[in-house]
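Step one of this worksheet: look at the structure below.
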2 protein chains.
Amino acid sequence: MDYSHLGSRDRLLLAAIHLIAERGYHGVTTQEIASAAGLSEKTLFRHFGTKQNLLESAFDRYHYAEEMRLLFKEKLVGDLEKDLLSISKTYHEIMNRNRKLIQISIKDEVQLPGFKERTMHHPLQLLDFLANYLVEMEKKGKAVCADPKLQAFTFMMSQFGAFVNDLEAGRNYPGIELESFMQESTKLFAKALAP
Amino acid sequence: MDYSHLGSRDRLLLAAIHLIAERGYHGVTTQEIASAAGLSEKTLFRHFGTKQNLLESAFDRYHYAEEMRLLFKEKLVGDLEKDLLSISKTYHEIMNRNRKLIQISIKDEVQLPGFKERTMHHPLQLLDFLANYLVEMEKKGKAVCADPKLQAFTFMMSQFGAFVNDLEAGRNYPGIELESFMQESTKLFAKALAP
DNA sequence: TTATAATGTCAGTACTGACAGACAATGCTG
DNA sequence: CAGCATTGTCTGTCAGTACTGACATTATAA
C-alpha cells in the first residue's frame with residue numbers, strides 16, 4: 001500500500017487498519033505497522049501513546065448511517081425491486097468502504113468497549129428504515145408484509161451473509177459475483193414480498 | 001466450562017476451542033488453555049508438542065457434509081416450504097455444533113493451510129445439493145428457477161448471515177430469534193420460488 | 001537564517017509467551 | 001507389591017514485543 005501522500009498520523013492509521021484486519025490485533029506488532037507506514041516505531045508511539053489507542057483512533061473513522069438515511073429519504077422510487085436493489089447497492093458500498101474496520105470488529109479479539117456497539121448501531125438503524133419502508137409499501141398496496149421487521153431482517157441477513165462471504169477475497173464460492181448476487185437476491189425478495 | 005469427565009487430551013482440545021474462538025489464537029496463552037482444562041501447561045505440550053498442533057488437532061473434529069447428504073437423500077418431502085425449513089434447521093444445527101471452530105476459521109488470524117478450505121468444502125457441497133434440488137423441483141413444476149445456483153446461493157447467504165449474526169450471542173438485533181427467522185426466511189423463499 | 005516541530009536512531013527495560021529438562025508424585029494394572 | 005504411564009512442579013531458555021529515554025537529524029516556517 002502507498003500512503004506516501006498522507007500525513008504521518010493518517011499513514012499510521014491506515015497501515016494499522018490494513019494489517020490488523022488481515023492478521024488480527026495480536027498478530028501484528030507496532031514495529032510492523034510503523035514500517036508499513038514508512039515511519040519509525042518511535043513515531044507511532046509519539047502519536048498514539050499505546051497500541052490500543054492507535055486502534056481506537058482508527059475506529060473513529062467508521063461512519064455509515066447518514067448515507068442510509070439519505071437513501072431512504074431521497075433515492076427510493078416506490079418500485080419494490082428497484083428500491084431493494086438501490087438499498088443493496090448502497091449497503092455493499094458502505095460495507096466495502098469500511099470493510100477492514102468491520103473485519104476487525106468481527107474478529108474482535110480486543111475487548112475495546114463500544115467497538116461492536118459502534119459498528120452495530122448503524123445496521124440496526126437500517127433495519128428500522130427498511131421495515132418502515134415495507135409498511136409504507138404495503139399501505140400503497142405494493143407489498144404484503146405479515147411481519148415487516150422479520151422480513152426486513154431476512155433481507156438484511158442475506159446481504160450481510162454475502163458481504164461476510166465476500167470479505168475473504170470473495171473466492172469462497174467460485175463463479176459467483178457480488179454484482180449478480182445483488183441482482184438475483186433483490187429480484188427474489190421483490191417477488192416474495194409482492195402482493 | 002466443566003470438562004472433568006473427559007480425558008486430558010479432550011479436555012485440552014475443548015478448552016482450546018473454547019478460548020481461541022473467544023479471544024483468537026494469539027489472544028490466548030498455552031498456560032490459560034491448560035488451566036481452563038484443569039491441567040498443567042507441561043501436559044499440554046506433552047500431548048501436542050506445539051500450540052499450533054493443538055489447534056490443528058482441534059480442527060479434526062470438524063464434520064458436516066455427511067449429514068447434509070443424508071438430509072437431501074432421505075428427509076425431503078417435495079414441498080418447497082417444508083423442505084427449505086428442514087434444510088435451514090439442519091444447517092443451523094450443524095453450524096451451531098461447530099460454532100466455535102467456525103468462529104476460529106472466520107477470525108482466521110492463523111494461517112494454518114487448509115483451515116478455510118476444510119470449513120468451506122462443506123458449504124460448497126450444500127450449495128450444489130440445493131441447486132440440484134431446485135432443478136428437480138422445477139421439473140416437477142413446483143418451482144421456477146431461472147438461475148438455480150444463484151438462487152440457492154441467496155438462500156444460503158441469508159442463513160449464513162443469520163448464523164454469523166447469531167455467533168456473537170445473538171444479541172445484535174434485539175427481539176429477533178433464530179427460530180422465527182428460520183420460519184420467516186423459508187416462507188419468503190418458498191414464495192419467491194413458487195411458480 | 002534561525003528557532004521550532006517532527007522524525008529517526010539506538011540502546012535498553014520490563015514483561016510475556018512458547019517450549020524443554022529434571023525429578024517427584026500419583027495413578028493404574030497385572 | 002512392582003512396574004509403567006500420566007501428570008505436576010519447578011526452573012530455565014530464548015525470542016519476541018510494547019514502550020521509554022537520550023540524542024542526532026531533518027524539515028518547516030517566521
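These figures come from a predicted structure and were not determined experimentally.
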* Asked: Of all residues at least two apart in sequence or in a different chain, which pass the ring pair (Phe, Tyr, Trp, His ring centres under 6.0 Å) check with F153(A)?
  -> Y173(B), F181(B)
* **Boundaries of the chain A footprint along DNA chain D (any atom under 4.0 Å from a heavy atom)** => dT17(D) to dG21(D)
* To do: Using side-chain contact (heavy atoms from CB on, under 4.5 Å) as the criterion, list what pairs up with E81(B), not counting sequence neighbours.
  => D79(B), K187(B), A190(B)
* **Where L101(B) and A58(B) come nearest, the two heavy atoms and their spacing** => CD1-O, 3.9 Å
Polar atoms only, N or O, under 3.5 Å: list the protein pairs with nucleotides 28-30 of chain C and their distances.
none

* Looking at residues at least two apart in the chain, or sitting in another chain, which of them share a side-chain contact (heavy atoms from CB on, under 4.5 Å) with K191(B)? -> V144(A)
* May I have all residue pairs that pass salt bridge (charged side-chain N to carboxylate O under 4.0 Å, His left out) and include part of residues 24-37 of chain B, sequence neighbours excluded? => R23(B)-E32(B)
* By ring pair (Phe, Tyr, Trp, His ring centres under 6.0 Å), which residues pair with F155(A), not counting sequence neighbours? -> F189(A)
* Asked: Which residue pairs satisfy the salt bridge (charged side-chain N to carboxylate O under 4.0 Å, His left out) criterion with at least one member in residues 140-164 of chain B, sequence neighbours excluded?
  -> none
Taking distance alone, no hydrogens or angles, what donor-acceptor pairs closer than 3.5 Å link side-chain atoms of residues 127-139 of chain A to residues at least two apart or in another chain?
from    : atom 1 : to      : atom 2 : distance (Å)
N132(A) : ND2    : D128(A) : O      : 3.4
Y133(A) : OH     : D83(A)  : OD2    : 2.5
E138(A) : OE2    : C145(A) : N      : 3.1

Report each atom pair, protein N/O against N/O of nucleotides 21-26 of chain C, whose distance is under 3.5 angstrom.
from    : atom 1 : to     : atom 2 : distance (Å)
dG21(C) : N7     : K42(B) : NZ     : 2.8

* For dG8(C), does OP1 or OP2 lie under 4.0 Å from any side-chain N or O of S40(A)? -> yes
* Structure fact -> Whole-Å distance, H47(B) NE2 to dC19(C) C1', equals 16 Å
* Can you check the L55(B) CG to dC19(C) C1' distance for me, whole Å? -> 17 Å
* Asked: Heavy atoms, side chains only, cut-off 4.5 Å: are L13(B) and D10(B) in contact?
  -> yes
* Between dA18(C) and T30(B), is there an OP1 or OP2 to side-chain N/O distance shorter than 4.0 Å? -> yes
* Could you tell me which residues satisfy side-chain contact (heavy atoms from CB on, under 4.5 Å) with R9(B), sequence neighbours excluded, listed by chain and number? => H47(B), F48(B), S57(B)
* To do: Not counting sequence neighbours, which residues clear side-chain contact (heavy atoms from CB on, under 4.5 Å) with F45(B)? List them please.
  => T30(B), E41(B)
* Asked: Between L44(A) (CG) and dG8(C) (P), how many Å, whole number?
  -> 11 Å
